2 protein chains.
Amino acid sequence: MIQNLTEHDRENLQESLAKSGQKVTPQREAVFTVLLADRDHPTVDEVFNRAREVMPGLSLATVYNCLETFVGCGLVRQVNHERESTRYCPNLAPHAHFRDKETGRVHDIELPADVIKSLRSILPPGFDSEAIEISFLGRAQGGDAHPTL
Amino acid sequence: MIQNLTEHDRENLQESLAKSGQKVTPQREAVFTVLLADRDHPTVDEVFNRAREVMPGLSLATVYNCLETFVGCGLVRQVNHERESTRYCPNLAPHAHFRDKETGRVHDIELPADVIKSLRSILPPGFDSEAIEISFLGRAQGGDAHPTL
DNA sequence: GGTTAGATTTTGAATCATTCTAAACAGGGA
DNA sequence: TCCCTGTTTAGAATGATTCAAAATCTAACC
Ligand SMILES: [Mn+2]
Ligand SMILES: [Mn+2]
Ligand SMILES: [Zn+2]
Ligand SMILES: [Zn+2]
């Protein structure tokens with residue numbers, strides 16, 4: 001069931017879009033709502049199908065457009081694994097991703113500042129990095145008592 | 001100019017293939033030679049074009065087949081960045097990748113054991129990782145005095 | 001209230017890396 | 001030589017994403 005955005009989330013959406021001269025539209029609001037509802041790193045198709053439940057006329061191209069817009073605004077991150085469909089993540093805190101080989105599910109893994117620092121430190125002089133992507137592949141046993149939920 | 005494989009590299013190829021019941025073929029040897037000649041993380045098309053110089057009848061499908069075989073044998077790694085074409089890397093040492101935003105080139109970054117350890121340590125209990133991928137995005141100024149060359 | 005310019009959405013076609021299929025090919029025994 | 005099996009090949013198919021053009025919406029202005 002898709003809840004509406006909280007006042008806070010709506011403002012966040014509104015302001016982030018405004019910064020790049022763009023507006024809140026019903027489609028953007030629906031797509032953003034879907035992303036915040038289940039932070040399970042959905043693919044475009046998954047977002048599309050979820051959003052259509054509440055906005056039947058929504059088109060796939062619009063979902064692509066909205067997600068691209070959000071990435072441009074810094075509202076969400078793309079998450080890629082090999083050449084599978086791109087997934088989308090509204091968690092803006094620095095974090096790595098863990099892909100469960102068995103379920104295919106993607107989990108967020110908190111990334112402490114000192115680990116980021118130790119990673120940056122392996123770069124030879126002259127290498128200036130503005131983004132680091134870290135992904136684990138393996139199995140996540142047991143329940144879901146982790147940051148994703 | 002594409003050199004032949006060293007005796008050592010040929011044996012490595014032969015034995016790795018043999019382990020999974022496969023043989024050295026002229027096509028596989030050509031593709032492997034190309035991978036070892038310039039460790040610049042070529043795409044399939046780049047491998048194809050380089051290999052054709054020495055084996056004009058080679059087909060693109062065969063390059064895909066050979067590379068898939070090598071990945072299966074553990075002879076090479078795939079390197080992906082977002083949804084760009086997959087690149088191939090014959091460096092089997094644990095290493096991260098640095099993508100230069102300006103040139104598009106991919107550089108190998110040595111990955112010390114203690115950094116790997118500190119990364120594993122951020123996984124919550126129950127998360128068992130068998131592979132970690134790390135990629136930096138940024139600019140690599142200056143010469144090429146780094147592990148790639 | 002109507003008009004208009006610009007942004008947004010929609011549909012359907014195009015792209016393109018990759019995978020698939022089925023037919024040739026190779027080569028080491030029987 | 002003939003067969004068996006793995007390999008290669010050409011071309012078709014796939015599928016996520018992007019593109020192009022027309023339709024729709026919105027907000028500002030008259
Ligand atoms: Mn889980
Ligand atoms: Mn360089
Ligand atoms: Zn995430
Ligand atoms: Zn590499």
Side-chain angles (χ1 to χ4, degrees), chain A residues 13-14 16-34 41-52 54-73 75-89 104 106, chain B residues 13-14 16-34 41-52 54-73 75-89 104 106:
Chain A
L13 175 64
Q14 201 276 316
S16 297
L17 286 169
K19 267 179 209 158
S20 36
Q22 290 166 300
K23 295 176 225 162
V24 177
T25 65
Q27 289 86 349
R28 284 173 180 164
E29 189 165 333
V31 169
F32 194 55
T33 303
V34 163
H41 305 88
T43 61
V44 174
D45 263 302
E46 287 166 344
V47 173
F48 179 46
N49 289 316
R50 293 176 196 177
R52 262 199 301 192
V54 78
M55 183 178 278
L58 183 68
S59 77
L60 179 59
T62 296
V63 176
Y64 273 100
N65 291 339
C66 291
L67 291 170
E68 183 185 42
T69 297
F70 296 160
V71 170
C73 289
L75 277 170
V76 307
R77 282 172 56 182
Q78 291 189 322
V79 179
N80 290 287
H81 179 256
E82 307 197 338
R83 291 195 39 95
E84 292 175 10
S85 308
T86 298
R87 296 175 176 276
Y88 291 84
C89 172
V106 176
Chain B
L13 175 64
Q14 201 277 316
S16 296
L17 286 169
K19 266 179 209 158
S20 36
Q22 291 167 300
K23 295 177 224 164
V24 177
T25 65
Q27 288 86 349
R28 286 173 179 164
E29 189 165 333
V31 169
F32 193 55
T33 303
V34 162
H41 305 87
T43 61
V44 174
D45 262 303
E46 287 166 344
V47 172
F48 179 45
N49 288 317
R50 293 176 196 176
R52 260 199 304 192
V54 78
M55 182 180 279
L58 183 68
S59 78
L60 179 59
T62 296
V63 175
Y64 273 100
N65 290 339
C66 290
L67 291 170
E68 183 185 42
T69 297
F70 296 161
V71 170
C73 288
L75 276 169
V76 308
R77 283 173 55 182
Q78 290 188 323
V79 178
N80 290 287
H81 178 256
E82 307 197 340
R83 291 196 38 94
E84 293 176 9
S85 307
T86 298
R87 296 176 176 276
Y88 291 83
C89 172
V106 177

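For clarity, every value in this text was computed on a predicted model and none was experimentally measured. Just the heavy atoms: all of them, side chains too, but no hydrogens, waters or symmetry mates, feed the values below.
When heavy atoms are screened at a 4.0 angstrom cut-off, A:T62 is found touching base atoms of the nucleic acid. Using a 4.0 Å heavy-atom cutoff across all strands shown, B:T43 reaches no nucleic acid atom at all. When heavy atoms are screened at a 4.0 angstrom cut-off, B:G21 is found touching no nucleic acid atom at all. As judged by a 4.0 angstrom heavy-atom cut-off over every strand, A:E84 is placed among residues making no nucleic acid contact.
Atom CD of A:Q22 is separated from atom P of D:dA27 by 15 Å (rounded to the nearest Å). The separation between A:H81 atom NE2 and D:dA16 atom C1' is 17 Å, rounded to whole Å. Following rounding to the nearest Å, A:E68 (CD) and D:dC19 (P) show an atom-to-atom distance of 8 Å. In this entry the distance linking CE of B:M55 with P of D:dT9 reads 8 Å, nearest Å. The separation between B:N80 atom CG and D:dT17 atom P is 13 Å, rounded to whole Å. Protein atom CZ of B:F48 is 11 Å distant from nucleotide atom C1' of D:dA10, rounded to whole Å. The distance from atom CG of B:N65 to atom P of D:dG11 is 16 Å, rounded to the nearest whole Å. Remark: P of D:dT9 and CZ of B:R52 are 11 Å apart, rounded to the nearest angstrom.
The side-chain heavy atoms of A:Y88 and A:V44, taken from C-beta on, include a pair separated by under 4.5 Å. A:H81 places none of its side-chain heavy atoms less than 4.5 Å from the side chain of A:V106. B:V34 has its side chain out of reach of B:F48: every pair of non-hydrogen atoms, C-beta onward, lies at least 4.5 Å apart. No side-chain heavy atom of B:Q78 sits less than 4.5 Å from a side-chain heavy atom of A:R83.
Atom CG of B:D45 is separated from atom CG of B:L60 by 6.0 Å, given to the nearest 0.5 angstrom.
OP1 or OP2 of D:dT9 sits under 4.0 Å from a side-chain N or O of B:Q27.
For the pair A:R52 (side chain) and A:S59 (backbone), a donor-acceptor distance under 3.5 Å is absent. A distance-only check finds no donor-acceptor pair linking the side chain of B:E29 to the backbone of B:P26 [under 3.5 Å].
In terms of position on DNA chain D, the residue among B:T25 and B:R83 whose nearest nucleotide sits closer to the 5' end is B:T25. In terms of position along DNA chain D, the nucleotide closest to B:V63 lies nearer the 5' end than the nucleotide closest to the other residue of the pair A:P26 and B:V63.
In summary, contact between chain B and DNA chain C, defined as any nucleotide atom under 4.0 Å from a heavy atom of the protein, begins and ends at C:dA17 to C:dT19 in the 5' to 3' direction.
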